[in-house]
Amino acid sequence: MAVPDKVLSNADLEKMVDTSDEWIRTRTGMVERRIVEKETAASDIAFKAIQKLLKSTKIKTKDIDLIIVATISSDHLFPSTACVIQKKLKIHPIPAFDISAGCTGFIYAITIAKQFIENGIIKNALVVGVEILSKITNWTDRNTCVLFGDGAGAALITRAKKSETSEIIDTYLSADGKYGDLLYMPAGGSRIPASEESVKKNLHTLRMEGNKIFKAAVKAMGNAATTILERNGLTGEDLDWLVPHQANLRIIDATARRIKLDSQKVIVNIEKYGNTSSATIPIAFAEAVEEGRIKKGDLVLFDAFGAGFTWGSILFRY
Ligand code: UT7
C-alpha cells in the first residue's frame, strides 16, 4: 500500500466548510485522510505501492503477465492507467487495462485476474486499486468533501503450487445500473465533455446522495457477504477476518452484525484514510498483514459496494 504524506484532518475541514470533528467522527468514523500534492497522479501513487509489493515477493517484474487497475480517477481518460504503469515498470508487451467499478473495483479486478489464471492464460497478475479522489472532490460541498482520500494498494495474484494452501475460494459480483445517478461525476465524458460552462458549474466533481447510498450499501454489503458464505457452506463464525470497503464505520458495523462476526475480526482503518474507493480494501489488507494481524492460512472475506451500483465479495485463504 501507499498513501500520500499530506494529512487532512477533521480540524482542517472545519476551517474549509460548515462541519465539525464531532459530526464527521460520529457519522462516518473518519478522523483524517491523505491528500496528494498537485502534481501527483494515480499512476504515481500506484507505482509506490507496486515497488513495495515487488520488494516483498520473489516474483520479478518480468514475470508479471497481466496488469489490471481498478480506478475511477485514472491519470487520463485514455490511455489506461494500467498502460502508464506498464511503461513505468518497463514490462515487455502484456495485456494491461483499467476497470471502472467504483468502490467495488478491486474485487472486480481480482475476479478477472482469477479467470485468466484458472483458464491457463497467465501465471502472475498485478492487480491495483488506486484513487486520487481529492482531484474530483467539490471542496465546497460538506456532504462529500469530508469523506474521501487518496491512496493505492497493489496485489500479485499468482497460480498456486499444489503444496500451497493459499486459494481464492470464491468470488461474487453484482451491479445494478439503474441507481447510477446517485453517485457519479457528471462531466468529462462524452455525455458532457469539458467546456467553460462545465467547469463553471463544477460538473467535474463527484455527486453523491449519501443517505440513499448508505441504505443501499448496508443491504448490498450484507447480501454480498451472506451469499458467498452460504454458497460455500460457511457462516461468519468460520471467518478469521472481514476486510470491508471503508466508506462508513456504521456500514462496516452493520455488515459485521449481519454475518454475526465479532468486531475484533473486522479490519478497520477508516479513521486514518477515509474512503479511498477502490483502494480501501488493498490498503486495509496490506496494513493488517504488516501489523501481523492477518496471517498466512487465515480465511478472509473482502466485501465492497460502490458507484454503479456495484457490489461484491471475495472469499480466500491467504
Ligand atoms: O464508497 C461507496 C459509496 N459511499 C458510501 O457508501 C457513503 C454512504 N453514505 C454515508 O456514509 C452517509 O450517508 C453520510 C456520511 C454521507 C451522511 O450521513 P447521514 O447520516 O446519512 O446524514 P444525512 O446525509 O442524512 O445528513 C444529515 C444531516 C443533514 O442536515 P439536515 O438536513 O438534517 O439539517 C446534512 O446537511 O447532516 C448534514 N451534513 C453535515 N453536517 C455537518 C451533511 N454533511 C455534513 C457535514 N458536517 N460534513
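Atom set for the values below is all heavy atoms of this structure, side chains included, hydrogens, waters and symmetry mates excluded. In this chain, numbering begins with 1 at the start of the sequence shown.
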Taking only residues two or more places apart in sequence or in another chain, which ones pass side-chain hydrogen bond (donor to acceptor under 3.5 Å, both in side chains) with [X]?
X    : answer
D298 : W241
K114 : E118
K272 : E287
T140 : N138

Which class fits the ring pair Y179 and F309: parallel under 30°, tilted 30 to 60°, perpendicular over 60°?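 Parallel: the ring planes of Y179 and F309 meet at under 30°.
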Return the set of residues passing salt bridge (Lys or Arg N to Asp or Glu O under 4.0 Å) with [X] (not counting sequence neighbours), or none when no residue passes.
X    : answer
E209 : K212
R142 : D18
E197 : K201
D63  : none

Checking salt bridge (Lys or Arg N to Asp or Glu O under 4.0 Å) for the pair D44/K88: CA distance, chi angles, key distance, verdict? CA-CA 9 Å; D44 302 323; K88 285 186 194 223; 2.5 Å; yes
Check for a donor-acceptor pair, side chain of T104 on one end and backbone N or O of T310 on the other, with a separation under 3.5 Å.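 Such a contact is found between T104 side chain and T310 backbone.
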R317 side chain to E167 backbone, donor-acceptor under 3.5 Å: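 Side chain of R317 to backbone of E167, a donor-acceptor pair under 3.5 Å: no, none is there.
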Count the heavy atoms belonging to other residues, nucleotides or ligands that lie under 6.0 Å from [atom1] of [X], then report whether that count exceeds 12.
X    : atom1 : result
E196 : CD    : no
E237 : CD    : no
K135 : NZ    : yes
N119 : CG    : yes
K123 : NZ    : no

With rounding to the nearest 0.5 Å, note down the distance linking [atom1] in [X] to [atom2] in [Y].
X    : Y    : atom1 : atom2 : result
T280 : I270 : OG1   : CD1   : 8.5 Å
T26  : D21  : OG1   : CG    : 9.0 Å
I85  : I50  : CD1   : CD1   : 4.0 Å

Going by atom types alone, do [X] and [Y] pair a side-chain donor with an acceptor below 3.5 Å?
X    : Y    : result
E131 : S278 : yes
R27  : N248 : no
D98  : T71  : no

Say whether [X] and [Y] are linked into one hydrophobic cluster, either directly or through other cluster members, by side-chain heavy-atom distances under 4.5 angstrom.
X    : Y    : value
V84  : V128 : no
Y318 : L301 : no
I121 : I157 : yes
I68  : V130 : no

Cluster companions of [X] among Ile, Leu, Val, Met, Phe, Trp, Tyr (side-chain spacing under 4.5 Å):
X    : answer
V7   : none
V31  : none
I192 : L203
F78  : L77

Side chain to side chain, [X] and [Y], heavy atoms closer than 4.5 Å:
X    : Y    : answer
L234 : I228 : no
N202 : D141 : no
P4   : T40  : no
I122 : I94  : no

Side chain to side chain donor-acceptor pair (under 3.5 Å) between N223 and R258: does it pass, once the steps are laid out? CA-CA 9 Å; N223 287 347; R258 175 88 181 268; 2.7 Å; yes
F285-F106 aromatic ring centre distance below 6.0 Å: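 Ring centroids of F285 and F106 are no less than 6.0 Å from each other.
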